[in-house]
Amino acid sequence: MDDLEELLSTLPELAENAQLTIGDASTIKHEITRLQQIEKKLITIYDRLEIAINDEKFNKGFIGILPTIGSVASVFVPGGFLVQTALSAGSGFLAEKLFVPEQEETLADWLATVKELIDWCQILQEWANEILQNNECIAYLKQKSKHPGIVEQVGKIDKSLRIHLEFGEKRALKKQIESIKSAQSQLQQIQPELDSIIHNFERGLGFIERIKALIDYCGKAGFIIKWIDEENGLIISYDNQIITRETILEKCEDLKEKTDNLVVQANKLRSQAEQSIHQGKEETQQSLNQTLLAQNNTVFLLKPSLFFLTIIAAILSVVSWKMGDKFPQLQQQSKTNTSPIETVEASLITTQPAVASVNTQTQDTANFEKSQKLAMEAAVMVQNAPHPLEVWQQAVNKWQEAINLLEAIPESSSIAVQAQDKLASYRTNYTAINNRLLTEQKAAKNLEEAQKLAWEAAVLVQNPPHPEEVWQAAQSKLQQSISLLQGVPQGTFVKSQAEEKMENYKNNYAAITKQLEAVQSTP
């Protein structure tokens, strides 16, 4: 009895540590080893409970409150999870929801709950291995581990837009405009991510897609899988808080509304700042015009002094008449002479349009060159396929950006014809790469859904024997899983993984079919 009490007293700690920290490949491998050690300890307790149940001294199969467990509680009750209490408490989650204070339980109840914990450890290990085997998911983890989560990103953007525009300081105002542009660019990236997370949790997609959505949500802060149940689904720990699917959905909806407001705020701030800069330029131009006008007045005041130049010009004209063709250059110069006032007036009329034309042409050329650079990068990225989804998505984004740059070049531009030629080619390439992206997305979705169905089938047939209906349900799930894998197209990134899984699932299908036939043949 004493050794059993001692073993049972370790259950709260074991239960609390039966969780999976999601990190890089090294972290997940370490988690698998740790969970295996917990599982061994739980199996030891399970075996000791079985001995106690079979012992004649405990033939009633009853045990009272164990003082050695202390204030945590006596025993845990299978299925009686106090999730809401645990969510509000925030710590000691699994112990809180598995243990019920001041309640006496039979040894059979203890045995059933320890078995449930063993099964949970095994499920966590299966999930960890599934993540490790999915190269796309590992790459996604590595990429997102360097960036903040969606909540932190929106918070930083909100803070960056809480500014007072420096209308009196041109340099500071330009810097603020660049900061606002950066915030707008970040918001453009965040809004689709929020939509994706909401879509994922509302539709309840496959396990890997769910993990990727959680990675987007949590970012480098990471998260821990704590438990799963029918009411709340996957329950995780993030930022020292226990959160559920509903919590994430509510938060994402709030963030979506917040980002919409931030977009409006950013547009307003940028418009005000750029308008101020524009007005400043107009004031500068007006000042320049006034200066030039003052210079014209100065020329006009000096005009009487030109009297002597006129006399000299007349004399030279007479001399030229007498000398015949000896001074043709002078005659030509006399014909084309213009006054200083006319020269200044002409410069005022022609200088500004010329400068604007040069600036526009320079911008068009810059857009054209940048679009070519993006097109080259996109083409190089997709060489030597297959590639993960992220690569195809990046290539699609680059083609789209290149197209946007070419579309910004007006028909009046000197390079409009070149831009239109490239635009037709780039649109064709964009369509082709986008179609490939859709194919890869469908292939990845098929694989994840197939893995989910196969896992559900495996859970169904644990601890046989089972009635015919259970074997039939497992058989049906495996058949669906195999059909999904057969639908993964050749040449896609996950095709080799799908073929490997399909071989295993076919073997499992054959074994389950055999079990089903045996049950059906039993009178």
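Residues: numbered from 1 along the sequence shown. Both backbone and side-chain heavy atoms feed into the values below; hydrogens, waters and symmetry mates do not.
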Rounded to the nearest 0.5 Å, the SG atom of Cys121 sits from the CD atom of Gln19 at a distance of 10.5 Å

Inspect the contact between Glu448 and Lys452 and indicate whether a charged nitrogen and a carboxylate oxygen are less than 4.0 angstrom apart. no

Report the distance from atom CD of Glu469 to atom OG of Ser476, rounding to the nearest 0.5 Å. 13.5 Å

Look only at the side chain of Thr10 and the backbone of Leu7, and say whether a donor-acceptor pair between them is shorter than 3.5 Å. yes

Exercise: do Gln186 and Ser182 side chains pair donor with acceptor under 3.5 Å: yes

Apply side chain to side chain contact (heavy atoms under 4.5 Å, CB included) to the pair Ile22 and Ile236, showing each step before the final yes or no. CA-CA 10 Å; Ile22 302 298; Ile236 70 167; over 6 Å; no

For Leu478 against Ala457, the heavy-atom pair lying closest together: CG-CB, 3.9 Å

For the residue pair Trp120 and Trp127, does the interplanar ring angle fall in the parallel (under 30°), tilted (30 to 60°) or perpendicular (over 60°) class? perpendicular

For Glu499, is the CD atom crowded, meaning more than 12 foreign heavy atoms sit under 6.0 Å from it? yes

Gln363, Lys370, Glu369 screened by side chain to side chain contact (heavy atoms under 4.5 Å, CB included) with Asn367, the one that passes: Gln363

Full working for side chain to side chain contact (heavy atoms under 4.5 Å, CB included) between Leu165 and Ser276: CA-CA 10 Å; Leu165 295 175; Ser276 177; over 6 Å; no

Criterion side chain to side chain contact (heavy atoms under 4.5 Å, CB included) on Glu440 and His387, from CA distance to verdict: CA-CA 9 Å; Glu440 291 286 348; His387 300 295; over 6 Å; no

Worked check of salt bridge (Lys or Arg N to Asp or Glu O under 4.0 Å) between Lys445 and Glu449: CA-CA 6 Å; Lys445 183 178 179 181; Glu449 186 63 26; over 6 Å; no

How long is the span from the CD1 atom in Ile190 to the CG atom in Leu262, to the nearest 0.5 Å? 9.0 Å

State, with a plain yes or no, whether a side-chain heavy atom of Tyr426 is found less than 4.5 Å away from one of Gln372. yes

Residue pair Leu374 / Leu405, side-chain heavy-atom distance below 4.5 Å: yes

Are side-chain N/O atoms of Glu193 and Gln153 paired as donor and acceptor at under 3.5 Å? no

Check this for me: Lys144, atom NZ, are more than 12 non-hydrogen atoms of other residues, nucleotides or ligands nearer than 6.0 Å? yes

Any non-hydrogen side-chain atom of Leu35 less than 4.5 Å from a side-chain atom of Glu39? no

Gln393 and Asn397: side-chain hydrogen bond (donor to acceptor under 3.5 Å, both in side chains), yes or no, with the steps? CA-CA 6 Å; Gln393 184 64 66; Asn397 293 343; 3.1 Å; yes

Check Asp216 with Lys212, please: is the shortest side-chain N to carboxylate O separation under 4.0 Å? no

Do you know the tightest heavy-atom contact between Leu406 and Ala419? CD1-O, 3.9 Å

Heavy-atom side-chain contact between Ile123 and Ile228 under 4.5 Å: no

If we ignore hydrogens and angles and just use 3.5 Å, is the side chain of Thr259 paired with the main-chain N or O of Leu255 as donor and acceptor? yes

Decide side chain to side chain contact (heavy atoms under 4.5 Å, CB included) for Lys251 and Ile243; before the verdict, give the C-alpha distance in whole Å, the side-chain angles of both, and the deciding distance to 0.1 Å. CA-CA 10 Å; Lys251 185 63 178 178; Ile243 59 176; over 6 Å; no

Looking at Lys142, is its backbone amide N or carbonyl O close enough to the side chain of Ser145 to form a donor-acceptor pair, meaning the two atoms are under 3.5 Å apart? yes

Any donor-acceptor N/O pair, Asp364 side chain to Ile409 backbone, under 3.5 Å: no

For the residue pair Tyr217 and Tyr238, is the inter-centroid distance of their aromatic rings smaller than 6.0 Å? yes

Output yes when Lys41 and Glu13 qualify as a salt bridge under the 4.0 Å nitrogen-oxygen rule, no when they do not. no

Which pair of non-hydrogen atoms, one from Pro386 and one from Gly491, has the smallest distance, and what is that distance? CB-O, 3.4 Å

Any side-chain heavy atom of Lys398 sitting closer than 4.5 Å to one from Met376? no

For the residue pair Asn267 and Gln184, confirm or rule out a side-chain donor-acceptor distance under 3.5 Å. yes

Above 12 or not: heavy atoms from other molecules or residues under 6.0 Å from CD of Gln486? yes

Which atom names give the shortest non-hydrogen contact between Leu161 and Ala266, and what distance separates them? CD1-CB, 3.9 Å

Looking at every heavy atom in both Leu447 and Ala498, which two are closest together, and how far apart are they? CD1-CA, 4.1 Å

CD1 of Ile45 to CG of Leu111: how many Å apart, nearest 0.5 Å? 11.5 Å

Contact between Ser179 and Ile163 at the side-chain level, heavy atoms closer than 4.5 Å - yes or no? no

Could you verify whether a donor N or O on one side chain and an acceptor N or O on the other, from Thr27 and Asp24, lie under 3.5 Å apart? yes

Distance-only side-chain donor-acceptor flag, Gln125 / Asn129, under 3.5 Å: no

I'd like to know if the side chain of Thr439 reaches the main chain of Asn435, judged simply by a donor and an acceptor atom lying under 3.5 Å from each other, with no hydrogens or angles considered. yes

Heavy-atom side-chain proximity of Ile211 to Phe207 below 4.5 angstrom: yes

If you draw a 6.0 Å radius around NZ in Lys495, do more than 12 non-hydrogen atoms from other residues or ligands fall strictly inside? yes

Short side-chain donor-acceptor distance under 3.5 Å, Gln176 and Glu166: no

Under 3.5 Å: donor-acceptor pair, side chain of Thr431, backbone of Arg427: yes

Aromatic ring centroids of Trp399 and Trp392 under 6.0 Å? no

Closest non-hydrogen atoms of Gln272 and Phe167, given as atom of the first, atom of the second and distance, are O-CE2, 3.9 Å

Between Lys506 (side chain only) and Ile482 (backbone N and O only), is there a donor and an acceptor less than 3.5 Å apart? no

Side-chain (Ser481) to main-chain (Ala450) donor-acceptor, under 3.5 angstrom: yes

Could you verify whether a donor N or O on one side chain and an acceptor N or O on the other, from Asn261 and Glu257, lie under 3.5 Å apart? no

Ion pair present between Asp260 and Lys256, side-chain N to carboxylate O less than 4.0 angstrom? no

Rounded to the nearest 0.5 Å, how far does NZ of Lys115 lie from CD1 of Ile43? 9.5 Å

SG of Cys137 to CD1 of Ile215: how many Å apart, nearest 0.5 Å? 4.5 Å

Ring-plane angle category for His466 and Trp471, please: parallel below 30°, perpendicular beyond 60°, tilted otherwise. perpendicular

Residues Glu178, Lys175: salt bridge by 4.0 Å N-O rule: no

With a 4.5 Å cut-off on side-chain heavy atoms, are Leu214 and Ile225 touching? no

